[in-house]
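These values consider heavy atoms only, across backbone and side chains, with no hydrogens, waters or symmetry-generated copies.
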Amino acid sequence: EFNDTLRAFAPAGELFNASITETLRAFAPAAEAAAERFRTDAERLGAEFNDTLRAFAPAGELFNASITETLRAFAPAAEAAAERFRPDAERLGGEFNDTLR
């Protein structure tokens, strides 16, 4: 009885399958055209983004150079401060170790 019911629906299932196939075939050219437009837009946007990054490269290099020069200018002062704090740091470290023992 169930098999008879399935057999009765078979033609409708085949018709449904055929209609879906035809619908997909009908939309294929539009989908291909949309994919081509998307690919073209993606390539254009990628090129514009790369051009933007290239335009900022000189400013980035200048910023990097200025940071490097600033750090070089502060290096002697940082080294002097480290030398002044070294004895205190060593003393505190020793006291801490003594406390732990």
Can you find a heavy atom in the side chain of L92 that is under 4.5 Å from one in the side chain of E95? yes
Taking the side chain as every heavy atom from C-beta outward, state whether R39 and E43 have any pair of such atoms under 4.5 Å apart. yes
[atom1]/[X] to [atom2]/[Y] distance, rounded to the nearest 0.5 angstrom?
X   : Y   : atom1 : atom2 : result
D41 : E48 : CG    : CD    : 9.5 Å
L15 : F9  : CG    : CZ    : 13.5 Å
R72 : I67 : CZ    : CD1   : 12.5 Å
T5  : E1  : OG1   : CD    : 6.5 Å
T21 : F16 : OG1   : CZ    : 9.5 Å

Check A55 against P58 and note the closest heavy-atom contact, atom names and distance. O-CD, 3.4 Å
